[in-house]
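Inspection log for the structure reproduced underneath, given as structure tokens.
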Amino acid sequence: KLASVCGTGSTAASLSQAACLDKFVDHYGQKALRRGLTTAESDSFKSTFQSNAANGLAVLLARLMLHPRFYYQTFHDGEQVSGTEGVDAVYRLNKDELISQMAFQMWNRPPDDSLYAIAADASVDVTTDDGMETVLSAIRQSPYVKDARRIFYQEWLHLEATPVINGTTKSQGFKEL
């Protein structure tokens with residue numbers, strides 16, 4: 001995957017080049033935190049890599065994977081619409097949070113590169129019907145929707161309890177969805 005981020009022929013040694021490290025941190029930081037990194041976060045992650053010469057890549061990846069946003073879906077970056085912060089605040093989801101939530105809801109996984117591209121596109125306003133259709137279209141066209149649909153029907157219809165048909169398989173038709 002490093003070659004897809006930093007270019008053909010890239011290796012772990014390529015991360016010593018500032019341009020490659022910038023792309024790597026931005027790409028994988030966005031995937032780990034499910035949103036674009038702030039300048040301070042990006043600089044901090046790059047500093048982590050640079051200050052751990054021999055094990056920079058391992059330490060950087062560990063730090064990304066140990067970040068709370070890697071494990072938890074937090075929705076408090078948007079505009080506070082009511083309540084008291086830290087007590088009973090209600091927030092309007094921002095663009096990254098909404099797209100992330102929709103991906104988890106529809107795919108049972110984080111956003112992919114197509115959804116990250118939509119999130120980064122300033123011309124897409126997800127608060128409008130056209131913007132929402134752009135997001136939903138990308139979700140519907142993804143191969144991930146097929147797996148999520150199959151899991152939904154298996155759980156909803158309790159297909160694991162379906163009796164064996166013709167002594168060979170369980171619910172063959174649903175395996176083909």
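- Judged by distance alone, with hydrogens and angles left aside, the side-chain atoms of Glu155 form no donor-acceptor pair with the main-chain N or O of Phe152 at under 3.5 Å.
- Here the shortest heavy-atom pairing between Ala103 and Pro110 reads CB-C, 3.9 Å.
- Under a hydrophobic clustering in which Ile, Leu, Val, Met, Phe, Trp and Tyr are joined whenever their side-chain heavy atoms come within less than 4.5 Å, directly or via other members, Leu33 and Trp107 fall into different clusters.
- A donor-acceptor pair under 3.5 Å links the side-chain atoms of Thr128 to the main chain of Gly131, judged by distance alone.
- Identified under the side chain to side chain donor-acceptor pair (under 3.5 Å) test for residues 54-67, with sequence neighbours left out: Ser44-Arg63, Thr48-Arg63.
- Between Pro111 and Ile99, the closest heavy-atom pair is CG-O, 4.3 Å.
- Taken to the nearest 0.5 Å, the CG atom of Leu60 stands 8.0 Å off from the CG atom of Leu15.
- Listed by chain and residue number, nothing satisfies the side-chain contact (heavy atoms from CB on, under 4.5 Å) test with Thr8 (two or more places apart in sequence, or in another chain).
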I'd like to know whether Met106 forms a side chain to side chain contact (heavy atoms under 4.5 Å, CB included) with Tyr144, so could you lay out the CA-CA distance, the side-chain angles of the two residues, the decisive distance to 0.1 Å, and finally the verdict. CA-CA 9 Å; Met106 303 300 284; Tyr144 302 124; over 6 Å; no

Apply side chain to side chain contact (heavy atoms under 4.5 Å, CB included) to Asn94 and Leu98, showing your working. CA-CA 6 Å; Asn94 68 23; Leu98 180 62; over 6 Å; no

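- Note that OG of Ser16 is 12.0 Å distant from CG of Leu57, once rounded to the nearest 0.5 Å.
- Within a 6.0 Å radius of CG in Asp88, more than 12 heavy atoms belonging to other residues, nucleotides or ligands are found.
- Met132 and Val126 get closest at one heavy-atom pair: CE-O, 3.4 Å.
- Under the 4.5 Å side-chain contact rule for hydrophobic residues, Leu37 and Tyr72 share a cluster.
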Donor-acceptor contacts, no H, no angles, side chain residues 19-28, under 3.5 Å, sequence neighbours left out:
from: Asp22; atom 1: OD1; to: Lys46; atom 2: NZ; distance (Å): 2.8
from: Asp26; atom 1: OD1; to: Ser42; atom 2: OG; distance (Å): 3.4

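- Scanning all heavy atoms of the two residues, the minimum distance from Asp96 to Gly36 falls at OD2-N, 4.2 Å.
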Checking Val5 against Ser10 for the side chain to side chain contact (heavy atoms under 4.5 Å, CB included) test, could you report, in this order, the C-alpha distance in whole Å, the side-chain angles of both residues, the deciding distance, and whether it holds? CA-CA 9 Å; Val5 175; Ser10 296; over 6 Å; no

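- Under the 3.5 Å distance criterion, the side-chain polar atoms of Asp121 are left unmatched by any main-chain donor or acceptor of Ala117.
- Scored by the salt bridge (Lys or Arg N to Asp or Glu O under 4.0 Å) test, Arg109 finds no partners at all (sequence neighbours excluded).
- No donor-acceptor pair under 3.5 Å is formed between the side chain of Lys95 and the backbone N or O of Thr127.
- Val145 and Ile118 fall within a single hydrophobic cluster, where Ile, Leu, Val, Met, Phe, Trp and Tyr side chains are chained together by heavy-atom contacts under 4.5 Å.
- Qualifying salt bridge (Lys or Arg N to Asp or Glu O under 4.0 Å) partners for Glu41, counting only residues two or more places apart in sequence or in other chains: Arg35.
- Connectivity analysis of hydrophobic side chains (ILVMFWY, heavy atoms under 4.5 Å, direct or indirect) links Val59 to nothing; its cluster partners are none.
- Using a 4.5 Å cut-off between side-chain heavy atoms of Ile, Leu, Val, Met, Phe, Trp and Tyr, Val81 falls into a hydrophobic cluster with Val90.
- Residues passing the side-chain contact (heavy atoms from CB on, under 4.5 Å) test with Ala32 are Leu64, Phe70, sequence neighbours excluded.
- Listed by chain and number, the residues in a salt bridge (Lys or Arg N to Asp or Glu O under 4.0 Å) with Asp113 are Lys31 (sequence neighbours excluded).
- Counting heavy atoms from C-beta on, the side chains of Arg92 and Glu97 never come closer than 4.5 Å.
- Counting only distance, with no hydrogens or angles, the side chain of Asp147 and the backbone of Arg150 share no donor-acceptor pair below 3.5 Å.
- Here the side chains of Gln101 and Gln105 are in contact, with some heavy-atom distance below 4.5 Å.
- Within the hydrophobic cluster formed by Ile, Leu, Val, Met, Phe, Trp and Tyr side chains joined at under 4.5 Å, directly or through other members, Phe104 stands alone, with no partner residue.
- Judged as a disulfide (SG to SG under 2.5 Å), not a single pair has a partner in residues 119-162 (not counting sequence neighbours).
- Scored by the side-chain hydrogen bond (donor to acceptor under 3.5 Å, both in side chains) test, Gln141 finds Ser137 as partners (sequence neighbours excluded).
- Under a 3.5 Å cut-off, the side chain of Gln80 and the backbone N or O of Gly83 do form a donor-acceptor pair.
- Using modelled atom types, one side-chain atom of Tyr71 and one backbone atom of Met65 make a donor-acceptor pair closer than 3.5 Å.
- Under the 4.5 Å side-chain heavy-atom criterion for ILVMFWY residues, no single connected hydrophobic cluster contains both Trp156 and Ile151.
- Among all heavy-atom pairs drawn from Asp112 and Ser142, the shortest one is OD2-OG, 4.2 Å.
- Minimum heavy-atom separation, Ala3 to Gly9: CB-N, 4.5 Å.
- Between atom CG of residue Leu93 and atom OG of residue Ser100 there is a gap of 9.5 Å, rounded to the nearest 0.5 Å.
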